Amino acid sequence: MGRVITVTSGKGGVGKSTTSASLSMGLAKRGYRTLVIDFDIGLRNLDLLLGHEKRVLFDIVNVMNGEVPLEQAVIRDHRCDSLYQLPGSQTETKDVLKLKKIAQMIDQARHKFDYIICDSPAGIEHGARMAMYFADDAVLVATPELPSIRDTDRVIGLIMEKSFRAMHGLNPVRTHLLINRYNSDNVDDAVTPESIVERLNVPLLGVIPEDQGHVSRAANRGEPVILDSTSSAGRAYIDTVSRYLDEDIPIRLGRNRKRGWRDFFRPGRRAGAG
């Protein structure tokens, strides 16, 4: 059975879709059949980041409503045969998402894929709650700014209280913190990785450095930045995928930060674990 990973945050603009694109590509490149689903109804962007925008024929609403089967609606990536995307809808609103229908869709996906990555919209409203409800793992994306950290803390509480696992007495959702847009030369003591981990009490999965030029160029080309070997962000995403797969990879924070960060993260589990 496939494992569901929700990429989420409380604040918009922190890089969730960029993270979803790179994590899904990274897992697929490692040989895992991976499906990434865009839950941002009305404001989808994941198809652009993956370079799939001209190939969209069906979307999550078509599948949810039984108009087409999942296998017909997904887009197979042209660079990696193990990566598939289910786009969000551009014409509907988030209210169209119905829990029972999403449950049926996720159940189908679990039987066909090793990993199902749910790219959540920002905030804690209906669309985000639908994206996180069936999570086995949650990757919480935060930037080193206090508003982002506080909003992430709120999302953690929702996951621990309102997810399927929480409401049915199962093992808790495994939470992972990903700090994005980190600049080791320009970080206040209140928002260092150490202080963020201490405040949120969530294992650190990765730190993605500020690399706006490469990230923007990758987005404009429809190429997940993880494929750019010249990008510091791309290399950090590669390391993040490796840590999720239980590999002992140190977190590099830049020349002015301390080393030895193995104690600050707990790798995730492979599909079917937990």
Side-chain angles (χ1 to χ4, degrees), residues 5-20 22-23 26 117-124 128 131-132 135 137-163 172-212 215 225-226 231-244 246-269:
I5 307 169
T6 295
V7 177
T8 187
S9 73
K11 184 174 172 59
V14 299
K16 288 186 300 300
S17 292
T18 296
T19 295
S20 293
S22 284
L23 290 184
I117 295 181
C118 299
D119 183 26
S120 171
I124 58 174
M132 71 176 65
D137 293 278
V139 175
L140 299 141
V141 183
T143 55
E145 301 164 310
L146 288 177
S148 174
I149 297 164
R150 183 172 65 180
D151 289 351
T152 299
D153 195 26
R154 173 71 172 128
V155 171
I156 293 169
L158 282 175
I159 292 171
M160 294 299 110
E161 295 175 5
K162 301 297 185 181
S163 66
V173 174
R174 299 180 189 276
T175 53
H176 312 266
L177 175 64
L178 186 71
I179 300 174
N180 195 22
R181 299 176 184 165
Y182 177 80
N183 184 341
S184 61
D185 296 324
N186 188 28
V187 173
D188 185 89
D189 287 344
V191 289
T192 62
E194 296 98 327
S195 63
I196 296 172
V197 168
E198 182 177 359
R199 176 166 179 163
L200 296 179
N201 193 28
V202 173
L204 183 62
L205 183 65
V207 176
I208 311 300
E210 179 69 61
D211 191 9
Q212 190 58 43
V215 172
V225 72
I226 196 172
S231 165
S232 58
R235 294 191 296 271
Y237 275 120
I238 291 172
D239 288 349
T240 297
V241 171
S242 296
R243 284 187 212 99
Y244 179 79
D246 290 342
E247 297 174 17
D248 189 13
I249 306 293
I251 295 178
R252 292 182 279 269
L253 299 179
R255 63 182 181 276
N256 292 334
R257 299 298 302 169
K258 296 186 292 185
R259 298 176 183 270
W261 269 71
R262 288 184 175 87
D263 291 339
F264 285 87
F265 68 87
R266 181 190 64 214
R269 296 291 186 89

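If you're wondering where the values come from, they're calculated on a predicted model, not measured in any experiment. Note that the numbering runs from 1 along the sequence shown for the chain.
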Report yes if the side chains of M160 and V173 come closer than 4.5 Å at any heavy-atom pair, otherwise no.
yes

Can a donor-acceptor pair be found, under 3.5 Å and without considering hydrogens, that links the side chain of D211 to the backbone of A233?
yes

Could you give the distance from CD1 (I159) to CZ (R154), rounded to the nearest 0.5 Å?
11.5 Å

Closest non-hydrogen atom pair between M132 and S163, with its separation:
O-CB, 4.1 Å

Euclidean distance, D119 CG relative to T8 OG1, rounded to 0.5 Å
9.0 Å

Assess the side chains of T192 and S195: does a donor N or O sit below 3.5 Å from an acceptor N or O?
yes

Donor-acceptor pair, distance only, cut-off 3.5 Å: does the side chain of S9 make one with the backbone of T152?
no

Are the side chains of H176 and L140 in contact, using a 4.5 Å heavy-atom criterion?
no

Give, for atom OG of S120 and atom NZ of K16, the distance between the pair rounded to the nearest 0.5 Å.
6.5 Å

Closest non-hydrogen contact found for S20 with V7 is OG-CB, 3.4 Å

Are L178 and T19 side-chain neighbours, meaning at least one heavy-atom pair lies under 4.5 Å?
yes

Under 3.5 Å, side chain of D153 to main-chain N/O of L200, donor-acceptor pair present?
no

For D239, what residues pass the side chain to side chain contact (heavy atoms under 4.5 Å, CB included) criterion, not counting sequence neighbours?
R243, I249, R252

Could you tell me the separation between the CD1 atom of I156 and the CG atom of D151, rounded to the nearest 0.5 Å?
11.0 Å

Determine, stepwise, if the pair T18 / R181 fulfils side-chain contact (heavy atoms from CB on, under 4.5 Å).
CA-CA 11 Å; T18 296; R181 299 176 184 165; over 6 Å; no

So, do I5 and Y244 sit near enough that their side-chain heavy atoms are less than 4.5 Å apart?
yes

Spacing of I179 atom CD1 and L205 atom CG [to the nearest 0.5 Å]:
10.5 Å

Under the side-chain contact (heavy atoms from CB on, under 4.5 Å) rule, what do T6 and V139 come out as? Steps first, then yes or no, please.
CA-CA 6 Å; T6 295; V139 175; over 6 Å; no

Contacts of type side chain to side chain contact (heavy atoms under 4.5 Å, CB included), residue Q212, not counting sequence neighbours
E210, S216

Between T175 (side chain only) and A138 (backbone N and O only), is there a donor and an acceptor less than 3.5 Å apart?
no

What closest approach, in Å, do A131 and C118 show between heavy atoms, and which atom pair accounts for it?
O-CB, 3.8 Å

Would you mind reporting whether V241 and I226 have side-chain heavy atoms less than 4.5 Å apart?
yes

So, T143 versus Y182: side-chain donor-acceptor pair below 3.5 Å or not?
no

Measure the spacing between CD1 of I208 and CD1 of I251 and express it to the nearest 0.5 Å.
9.0 Å

